[in-house]
Every structure is written in structure tokens, then in C-alpha cells.
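Keep in mind it's a predicted model, so treat the numbers as computed, not measured.
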Amino acid sequence: MTHEIDFARARLLSVFIATGLFFMLIPGTFLGVVNLIQISGRESLATVSPAWLQAHGHAQIFGWIGSFILGIGLYSVPHTQATRRATLSRGWVCWTLWTLGV
């Protein structure tokens, strides 16, 4: 029983890490590259929209750093035997809401 719960916690951590990598590679890196191309093409940071710069920063901070921190936190916080299953379900709800929010 304990091994099943540990495996489920590891799977939850893996999903958080995979989601964080997705957010890092797709929106975070894509927006960063687009911003750098615009900066180098126009040779000025002032001509790039501040919203695009902030979108890149938000994708990096909330997308992958936040996903990693939440996943590691939900995996490593010690749990008592009675509340482990409830914590797993809360972890999946947290992942769903976090992913939809980002």
C-alpha cells in the first residue's frame, strides 16, 4: 500500500515536471526568441512591446519555475499515513488548476 502511494506521488511529481518543461519550451522560449529577433532586427529594446516582454517573463516564472516548485513541494512535504490519499487528490486538483491558470 505504501509503495502504491509513493509511486502515485512520484507520478504526480513527473507530471508537474513535464508540465513545467512544456511551459519552458513552448511559450517561454518561443516568446524569448521572438523578442530577441525583434530587438536585433530593430536594434532597440524600446521598439519591442512591453506586453511581449512581460509575457515571456510570466511564462518563465509561472510556467516552469512555479510548476517545479509546486511539484517538488507536493512530493516532498511529509504526510501522515491517514492523509496521504487526500493529499494526492489535492495534488491533482492543484495541477489541474495551476495548468489552466498558467
Side-chain angles (χ1 to χ4, degrees):
M1 184 67 132
T2 304
H3 296 295
E4 292 173 11
I5 294 172
D6 290 338
F7 180 73
R9 287 175 55 217
R11 187 173 350 136
L12 180 63
L13 175 63
S14 298
V15 169
F16 266 99
I17 289 175
T19 304
L21 288 172
F22 173 79
F23 286 133
M24 178 182 69
L25 294 175
I26 304 303
T29 303
F30 175 73
L31 289 171
V33 168
V34 168
N35 290 337
L36 287 175
I37 289 171
Q38 288 180 349
I39 291 169
S40 66
R42 297 175 184 165
E43 296 181 2
S44 173
L45 178 62
T47 59
V48 178
S49 170
W52 282 104
L53 294 173
Q54 285 185 342
H56 165 68
H58 285 128
Q60 293 292 324
I61 297 295
F62 294 115
W64 71 276
I65 295 174
S67 296
F68 286 178
I69 290 171
L70 281 172
I72 292 169
L74 287 169
Y75 179 78
S76 64
V77 172
H79 306 289
T80 61
Q81 196 72 354
T83 62
R84 280 186 151 180
R85 288 218 181 267
T87 303
L88 281 173
S89 63
R90 288 182 191 138
W92 285 109
V93 169
C94 177
W95 175 80
T96 302
L97 294 173
W98 179 256
T99 302
L100 290 174
V102 171

Other ILVMFWY residues reachable from L97 by side-chain steps of under 4.5 Å: V93

Residue list, side chain to side chain donor-acceptor pair (under 3.5 Å) with W95, at least two apart or on another chain: T19, T99

For residues 21-36, which side-chain donor-acceptor pairs fall under 3.5 Å, sequence neighbours excluded?
unit_1: T29; atom_1: OG1; unit_2: M24; atom_2: O; d: 2.8
unit_1: N35; atom_1: ND2; unit_2: L31; atom_2: O; d: 3.2
unit_1: N35; atom_1: ND2; unit_2: W52; atom_2: O; d: 3.3

From L88 atom CG to R11 atom CZ, the distance as rounded to the nearest 0.5 Å: 9.0 Å

Name the atoms and distances for all side-chain donor-acceptor pairs under 3.5 Å in residues 62-74, with sequence neighbours left out.
unit_1: W64; atom_1: NE1; unit_2: Q60; atom_2: O; d: 3.4
unit_1: W64; atom_1: NE1; unit_2: Q60; atom_2: OE1; d: 2.4
unit_1: S67; atom_1: OG; unit_2: G63; atom_2: O; d: 2.5
unit_1: S67; atom_1: OG; unit_2: W98; atom_2: NE1; d: 2.9

